Amino acid sequence: SHVIGFLGAIQPGSAEYYKSLGYDPNERVGLYGVELTYEVDLRGIPGYVRYEVDAVGRIKRVIERVEAQAGRDLQLSIDFRLQQFAEQALESQLVVRQRNEAPQVMLPEGIPDPQYEEVNYYKAPAGSVVVMNHNTGEVVAMASLPTFNPNNIKGSNPESFRNNMTQSVYELGSTFKPLTMAFAIESGVASSMAKRYDATAPLQVGGFRIRDDHAQKRWLNIPETLVHSSNIATARIADELGQQRMESMFRKLGFDTRPDIELGGKAAPLWPKYWARTTVMTTAYGHGIAVTPLHLASAYAAMVNGGVWRPATLRRIEPGKAPQGRRVVSEATSARMRQLLRLVVTYGTGRKADAPGYRVGGKTGTAEVPGAGGYKRNQNVSTFAAAFPMDAPRYVVLVMLDSPVGNAQTHGFSTAGWTAAPVVNRVIMRTGAMLGVVPDETRDVDVADLTPLLWKAAAKDKAKGAATPVIAPGADE
């Protein structure tokens, strides 16, 4: 509904505009979504002739002639099969379906009667999902909940008309950390993957203290900073980058402008008014700057496609006709980021997003929701930004859940690793083959040069003098 939109009567504020185009006041026009954006293109222009006539109605001369123009066909990039699956996957996490509390009844075949089945996932008031071609920017699926019934507009909740993918901005938390890491690699700040940063204790900057949710209390190298999702190490990296480079890279990703896509009502980002030292540090891990989820999806596409940012689009692009875009990072940096994102899913906070054979890479992000007087400690925005397959990327998948609630299945956690990551898994498992990605468990990204850098100081390993790969504690960040 949010993408296609709906038709309705010409609104009073638009009457003169449509009259100037030759519309009849009683015609129905596009009022939302693609129907609104491409109303004139789809409808065309009706032709007409104006005459001067005499007193008895005889034509004296032609005053004006406008030739009719047929409406143009519009081919969308949306795949409606994928759209349906994306909506279902998102709905399954946002909606708690309460079934009849009567004793469960077994059907004759020994199968539980579905009307008594209890579906108990992560209740949340809002969320969104997008699936995007990483190279062209084509959106093949975009869903936002809550949604509305286009056939019953008057009966819909006004809040349901908000497309959370393009019309809402959020602090997207740790999903920004890979972007910061890409900036650091590209600029030479992260000159080696083995370069280490002090994360032994919280980082005090003036009156502001930066902490880690799952503190390792040791120095962390580049891969470990992402795998363990360290705010402290990321902040130190951003401090080395400095304001000018951080701000410049964010601008290259379009984070200072409304998202690029053919829809109306797009939200403007919340851009820092003043870039203090703490601003540089906190924006590096997604706090102090707010963008739409679509901004982030386009950024991840650039990060894995070889380093070129291209605008998102709902129009189908012919093969070889993708826009030139603008280079954000080099191909070498992009290749390194594919390795690092794969490590996060293999060893880090994104394990629940992994889909067998699809070689998923990505990053979790959990950020507290801002409110009156500060942040709400018990309410967060949970996001997982992913791409697949990471050895030869094709698509970006991003899921955002606004204020999910933990339950027994998540052990009470409402953070991204437990809530948003499983939705990404479900979307990829259901749609990967439809997108032409054949699952293959014999292939993967070569991360052999990075895995030896993941270790823990266990006593037995010290005795052996060996470094062993470690799975990050708490896949709930």
Side-chain angles (χ1 to χ4, degrees), residues 1-53 59 62-84 86-87 128 130-133 136-144 147-158 160-167 257-268 292 294 310-319 321-323:
S1 299
H2 291 98
V3 175
I4 302 301
F6 54 84
L7 303 176
I10 294 176
Q11 302 300 296
S14 304
E16 287 300 318
Y17 168 72
Y18 284 115
K19 181 180 179 181
S20 70
L21 296 177
Y23 279 67
D24 184 283
N26 297 316
E27 285 192 69
R28 291 167 61 83
V29 296
L31 296 180
Y32 190 91
V34 170
E35 290 282 8
L36 171 60
T37 303
Y38 291 105
E39 163 64 33
V40 175
D41 289 337
L42 292 169
R43 178 182 183 272
I45 299 176
Y48 64 89
V49 180
R50 292 175 59 202
Y51 300 99
E52 180 184 350
V53 298
I59 297 174
V62 175
I63 299 175
E64 181 183 15
R65 182 190 301 273
V66 174
E67 298 295 334
Q69 296 181 25
R72 294 188 296 173
D73 291 337
L74 177 64
Q75 287 188 302
L76 296 181
S77 56
I78 294 290
D79 183 317
F80 287 97
R81 301 168 304 164
L82 273 62
Q83 180 72 19
Q84 182 180 24
E87 290 175 356
S128 56
V130 66
V131 183
M132 175 192 295
N133 183 306
T136 65
E138 291 169 286
V139 172
V140 296
M142 178 189 290
S144 178
T147 189
F148 58 89
N149 181 354
N151 297 313
N152 183 26
I153 298 302
K154 292 184 178 179
S156 299
N157 184 331
S160 68
F161 293 104
R162 178 181 294 276
N163 183 346
N164 293 302
M165 183 57 61
T166 63
Q167 295 180 320
T257 61
R258 298 176 191 272
D260 284 85
I261 198 164
E262 304 91 340
L263 292 173
K266 295 173 289 190
T292 68
L294 187 64
R310 294 184 176 91
T313 181
L314 291 168
R315 301 193 68 163
R316 184 175 180 272
I317 295 177
E318 295 295 330
K321 300 293 185 180

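The shown structure was predicted, so the numbers you read here are calculated from the model rather than taken from an experiment. Keep in mind that the numbers below use all heavy atoms, side chains included, and drop hydrogens, waters and symmetry copies.
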Would a 4.5 Å heavy-atom cut-off, applied to side chains only, mark [X] and [Y] as touching?
X      : Y      : answer
Ile317 : Pro323 : yes
Arg315 : Leu74  : yes
Phe80  : Val3   : no
Ile261 : Met142 : yes
Met165 : His2   : no

Would you give the length of the straight line joining atom [atom1] of [X] to atom [atom2] of [Y], rounded to the nearest 0.5 angstrom?
X      : Y      : atom1 : atom2 : answer
Arg65  : Tyr51  : CZ    : OH    : 5.5 Å
Ile4   : Gln83  : CD1   : CD    : 8.0 Å
Asp41  : Arg72  : CG    : CZ    : 4.0 Å
Asn152 : Phe6   : CG    : CZ    : 11.5 Å
Asp260 : Arg310 : CG    : CZ    : 13.5 Å

Quiz item: What residues, two or more places apart in sequence or in another chain, satisfy salt bridge (charged side-chain N to carboxylate O under 4.0 Å, His left out) together with Arg50?
Solution: Glu64
Self-check item: salt bridge (charged side-chain N to carboxylate O under 4.0 Å, His left out) against Arg316, all qualifying residues, sequence neighbours excluded
Solution: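 Per chain and number, Arg316 pairs via salt bridge (charged side-chain N to carboxylate O under 4.0 Å, His left out) with Glu318.
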Self-check item: Sidechain-backbone polar pair: Ser77 side chain, Val139 backbone, donor-acceptor under 3.5 Å
Solution: yes
Quiz item: Quick one: does Thr136's side chain have a donor or acceptor within less than 3.5 Å of a partner on Ala322's backbone?
Solution: no
What heavy-atom pair brings [X] and [Y] nearest, and what distance separates the two atoms?
X      : Y      : answer
Ile10  : Ala15  : CG2-CA, 3.9 Å
Gly5   : Pro150 : O-CB, 4.3 Å
Asn163 : Ser144 : OD1-CB, 3.6 Å

Quiz item: Between Met132 and Leu294, does a side chain to side chain contact (heavy atoms under 4.5 Å, CB included) hold up when you go through it step by step?
Solution: CA-CA 10 Å; Met132 175 192 295; Leu294 187 64; 3.7 Å; yes
Please list every donor-acceptor pair under 3.5 Å in which a side-chain atom of residues 31-38 meets a protein atom from a residue at least two apart or in another chain.
from	atom 1	to	atom 2	distance (Å)
Tyr32	OH	Phe161	O	2.4
Thr37	OG1	Gly33	O	3.3
Thr37	OG1	Glu262	O	3.1

